[in-house]
**Student:** 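Dropping the structure in here first, questions after.
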Amino acid sequence: MLSTDEKTTAPHRPAPVVTASTPPRRPGGLARRRRLTGLALAAIPLALYGAVVLIPLAQSVRYSFYSWDGVGAATWVGLRNYASFATDPVLRSTVGHVLVLVVFFSVLPIVLGLLSAALLARGRSRGMAVYRWIFFLPQVLTSVVVALVFRRIYALDGPLNSVLQAVGLGSLARAWLADFTWALPALGLVGTWATFGFCMVLFISGTTAINPELYEAARMDGAGPVREFFCVTLPGLRGQVAIAVTLTVTASLRTFDLVWVTTRGGPGTSTLTPAVALYRAAFQNPQVGLAAAIGVTMAVLCLLIAVVVTRTAERD
Amino acid sequence: MKRSGEVVVNQVVLGVMAVLVLAPVVVFLLTALSPDISGRPALTQLTWGNFVEAWHVADLGRAMGVSLTISVCAVAGQLLLALLGGFAFGVLGVTGEKVLFPVLLLGMMISTEAIIVPLYFQFRDVGLVGTLPGILLIHLGMGVPFGVFWLRAAFRALPRSVFEAAELDGAGPLTTLRLLGAPMVRPAIYTLALLSFMWTWNDYFLSLVFLQGDLQPATVALGSFQGRYTTQINLLAAAGLIVAAPVLGLYVLFQRRFIAGMLAGSIKE
């Protein structure tokens, strides 16, 4: 039995001495005691996490049912904020933009990554450490700086147009990020650039874990490189592909820094993403309830994507 | 014969990919070194003075100081919280962990967007918006799930007998953590420190919302500098590279830890 005094053991108080002569008569009691100490230690990080993440999360849900300008009184509007995704054409357009971004942030990098993993012979390549460093570079580069780099590249007098002019395609040159048609794909390609190296490293490290006998067997059965890829490599990389899909789709859904620094959602609303719409609604023309609804929807989608993808990958 | 063919294919694939990644960065670097305000690359006239000028024009000394303060405090606090939580969940066990740990893991999947709106208005009401303690609290709270998850895994990889022996010797949990546990998971601590520094330094969204004026960290200052300063492209690029430099420097020094940490961190579920 534990006394109440033991339950409130302060973390700094040393645990009572347990000598060899007093074997734990009640191992359950000892473990329970240890777990209470554990709770006391974990209480600080847990409390902070609860205050900064869990409580605001619950409040987000509550906010999302109200119409509030951030100052005056809030009025209950039920699900109207969520309905805006269907009724408000600008907000609705962000969904389409995300789908375009998914192609560039997710589909292209994963296909490129798989392609290079398939082309590379298994085992170590010369200089792999250096290549890995290069491929991971976009992951550590400050997002604002990435945005600046590509703002420069896409500028009217920037390197991309210079190259186009040099190869005689000068008629295609334009201010890419100010173009209603091209701004979104141009930003998408930034995502492709930032992600494909990560996917590649992930997949290459995955192929080294595939049992070489499977390749032997495939060759014995007369499988060519293409069938070998679909029958051995791709199934072997299922876990890694699931991770890449989850991370990249979530990233395209959450795109903010890149758009905010380069186009602010423009020209017009042609590059508006849900996160930018949230920022505008929360902090520029306060429709706080709507902003909360966007945030909650994004969080639910991220969670759903993670669960569905992981489930699908685990199913055999 | 076939082997050397494979080697050639490998090097070509890797080389092409590497050039694709590096080209934009190299162009940007040349822009930063250009003597011309339009940023036209000039290999014969590398103007290193651009960095000095950008530092002054963009007021980077102040902004980098703010970033450094936030990042160092966030890393220190995060390590402390992660050690406490990781040791509790990984070694001692925690009452109610069957519920608490999944709830904690959930935090790794909750995006900033889901909490930022109430967080802003609550913090505004208690006067924490636009203050360093305010943003630090948020960084710390949001960093708890990954930090605890990361060090819990490190602690669980250690042999249990070590801690049982310490307990038999009468060492209290905090003493055990400080003298025995923490030194044994030192590699995991270093990796966590690097990742957490990078995430805090590179943060833009939170800082944009919560910090204004003189408290703008480097990323936000750079963002507003580029809005005001559209005529001197070379200085803008130089300022960008200065802001990226601290994390890049750490990445050069500790690439293995960075890459291993990010790969392992992405496979967290």
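In what follows, chains carry the letters A, B, and so on, assigned in the order in which the sequence lines appear, proteins first and then strands, with residues in each chain numbered from 1.
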**Student:** Is chain B contacted by the side chain of A:Phe283, its backbone, both, or neither, given a heavy-atom distance below 4.5 Å?
**Tutor:** side chain
**Student:** In terms of heavy-atom pairs under 4.5 Å with chain B, which of A:Val146, A:Ile294, A:Val288, A:Val296 leads?
**Tutor:** A:Val288
**Student:** Using non-hydrogen atoms and a 4.5 Å limit, figure out which bit of B:Met198 sits close to chain A: side chain, backbone, both or neither.
**Tutor:**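 It is the side chain, since no backbone atom gets that close.
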**Student:** Strictly distance-based, threshold 3.5 Å: is any side-chain N or O of B:Asp203 a donor or acceptor partner for the main-chain N or O of B:Ser207?
**Tutor:** yes
**Student:** Does any part of the side chain of A:Val259, heavy atoms only, come nearer than 4.5 Å to the side chain of A:Arg264, both counted from C-beta?
**Tutor:** no
**Student:** I need the residue from B:Thr176, B:Leu22, B:Val9, B:Leu250 with the largest number of non-hydrogen atom pairs under 4.5 Å to chain A.
**Tutor:**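 Highest number of pairs under 4.5 Å: B:Leu22.
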**Student:** Ignoring hydrogens and angles, tell me if any N or O in the side chain of A:Asn81 forms a donor-acceptor pair with the backbone of A:Ala293 under 3.5 Å.
**Tutor:**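 The answer is no, because no donor-acceptor pair under 3.5 Å joins these two groups.
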**Student:** For B:Phe123, which atoms come within 4.5 Å of any heavy atom of chain A: side chain, backbone, both, or neither?
**Tutor:** neither
**Student:** What part of B:Leu236 lies closer than 4.5 angstrom to a heavy atom of chain A: side chain, backbone, both or neither?
**Tutor:**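 Both parts, heavy atoms under 4.5 Å.
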**Student:** For the residue pair A:Phe256 and A:Trp260, does the interplanar ring angle fall in the parallel (under 30°), tilted (30 to 60°) or perpendicular (over 60°) class?
**Tutor:**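 Parallel.
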**Student:** Heavy-atom distance under 4.5 Å to chain A: side chain of B:Leu137, backbone, both or neither?
**Tutor:**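 Answer is both: backbone and side chain atoms of B:Leu137 are under 4.5 Å from chain A.
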**Student:** Are any non-hydrogen side-chain atoms of B:Leu140 and A:Leu48 less than 4.5 angstrom apart?
**Tutor:**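 SC-SC contact between B:Leu140 and A:Leu48 confirmed.
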**Student:** Does the distance from a Lys or Arg side-chain N to an Asp or Glu carboxylate O, for A:Arg34 and B:Glu167, drop under 4.0 Å?
**Tutor:** yes
**Student:** Please check if the distance between the ring centroids of B:Phe258 and A:Phe136 is under 6.0 Å.
**Tutor:**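 Centroid separation for B:Phe258 and A:Phe136: 6.0 Å or greater.
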**Student:** Mind ranking A:Thr297, A:Val140, A:Val145 by heavy-atom pairs under 4.5 Å with chain B and telling me who comes out on top?
**Tutor:** A:Val140
**Student:** Checking heavy atoms, do the side chain of B:Ile233, its backbone, both or neither come under 4.5 Å from chain A?
**Tutor:**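 Looking at B:Ile233, just its side chain touches chain A.
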**Student:** Can you tell me which portion of B:Ala237 sits under 4.5 Å from chain A's heavy atoms? Options are side chain, backbone, both or neither.
**Tutor:** neither
**Student:** Go through B:Ile110, B:Val91, B:Val16 and name the one with the most non-hydrogen pairs under 4.5 angstrom from chain A.
**Tutor:**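 The candidate making the most pairs under 4.5 Å is B:Ile110.
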**Student:** Examine whether an atom of A:Leu112 lies under 4.5 Å from a heavy atom of chain B, and if so say whether it belongs to the side chain, the backbone or both; otherwise answer neither.
**Tutor:**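 Contact with chain B involves both backbone and side-chain atoms of A:Leu112.
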**Student:** Answer with yes or no whether the side chains of A:Thr142 and B:Asn202 bring together a donor and an acceptor at under 3.5 Å.
**Tutor:**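 Judged by distance alone, the side chains do pair up.
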**Student:** Mark yes or no for whether A:Trp193, through its side chain, and B:Val21, through its backbone, hold a donor-acceptor pair below 3.5 Å.
**Tutor:** yes
**Student:** Taking only residues two or more places apart in sequence or in another chain, which ones pass salt bridge (charged side-chain N to carboxylate O under 4.0 Å, His left out) with A:Arg151?
**Tutor:**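 By the salt bridge (charged side-chain N to carboxylate O under 4.0 Å, His left out) rule, A:Arg151 matches no residue at all.
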**Student:** Return the option, out of B:Gly77, B:Gly15, B:Pro41, with the maximum number of heavy-atom pairs under 4.5 Å with chain A.
**Tutor:** B:Gly15
**Student:** Is the NZ or CZ atom of B:Arg124 both under 6.0 Å from the centre of the six-membered ring of B:Phe210 and within 45° of that ring's axis?
**Tutor:** no
**Student:** Please, which pairs that meet salt bridge (charged side-chain N to carboxylate O under 4.0 Å, His left out) have at least one residue in residues 106-123 of chain B, sequence neighbours excluded?
**Tutor:** A:Arg254-B:Glu113
**Student:** Answer yes if the ring centres of B:Phe87 and B:Phe163 are under 6.0 angstrom apart, and no otherwise.
**Tutor:** yes
**Student:** Only pairs of heavy atoms separated by less than 4.5 Å count here; which of B:Thr95, B:Val117, B:Leu81 has the most with chain A?
**Tutor:** B:Thr95
**Student:** Measure A:Tyr63 against the heavy atoms of chain B and call it side chain, backbone, both or neither at under 4.5 Å.
**Tutor:** side chain
**Student:** Looking only at side-chain N and O atoms, does B:Ser34 offer a donor or acceptor that is under 3.5 Å from a partner on B:Asp36?
**Tutor:**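 Looking only at side-chain atoms, B:Ser34 and B:Asp36 do not form any donor-acceptor pair under 3.5 Å.
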**Student:** Quick check, are the ring centers of B:Trp199 and B:Phe146 under 6.0 angstrom apart?
**Tutor:** yes
**Student:** Can you tell me which portion of A:Leu303 sits under 4.5 Å from chain B's heavy atoms? Options are side chain, backbone, both or neither.
**Tutor:** side chain
**Student:** Heavy-atom pairs under 4.5 Å with chain B: which of A:Met298, A:Arg62, A:Arg152 has the most?
**Tutor:** A:Arg152
**Student:** Which region of B:Thr219, side chain (C-beta onward) or backbone (N, CA, C, O), has a non-hydrogen atom less than 4.5 Å from a non-hydrogen atom of chain A, or is it both or neither?
**Tutor:** both
**Student:** Output the option from B:Ala239, B:Ala88, B:Gly141, B:Pro118 having the highest count of non-hydrogen pairs under 4.5 Å with chain A.
**Tutor:**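 Ranked by contacts with chain A, first place is B:Pro118.
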**Student:** For B:Val220, is it the side chain, the backbone, both, or neither that has a heavy atom closer than 4.5 Å to a heavy atom of chain A?
**Tutor:**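 For B:Val220, no heavy atom lies under 4.5 Å from chain A.
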**Student:** Go through the atoms of B:Leu195 and report whether side chain, backbone, both or neither lie under 4.5 Å from a heavy atom of chain A.
**Tutor:** neither
**Student:** Where does A:Leu278 contact chain B at under 4.5 Å (heavy atoms): side chain, backbone, both or neither?
**Tutor:** side chain
**Student:** Heavy-atom distance under 4.5 Å to chain A: side chain of B:Val12, backbone, both or neither?
**Tutor:** neither
**Student:** Checking heavy atoms, do the side chain of B:Leu106, its backbone, both or neither come under 4.5 Å from chain A?
**Tutor:** both
**Student:** For B:Val144, is it the side chain, the backbone, both, or neither that has a heavy atom closer than 4.5 Å to a heavy atom of chain A?
**Tutor:** side chain
**Student:** Are A:Tyr131 and B:Gln11 linked by a side-chain donor-acceptor pair shorter than 3.5 Å?
**Tutor:**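 Per modelled atom types, A:Tyr131 and B:Gln11 side chains form a pair under 3.5 Å.
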**Student:** What residue, out of B:Ser38, B:Ala218, B:Gly93, has the most heavy-atom pairs lying under 4.5 Å from chain A?
**Tutor:**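 So the answer, after comparing B:Ser38, B:Ala218, B:Gly93, is B:Gly93.
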**Student:** Checking A:Leu137 against chain B: side chain, backbone, both or neither under 4.5 Å from a heavy atom?
**Tutor:**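 Contact with chain B is through both the backbone and side chain of A:Leu137.
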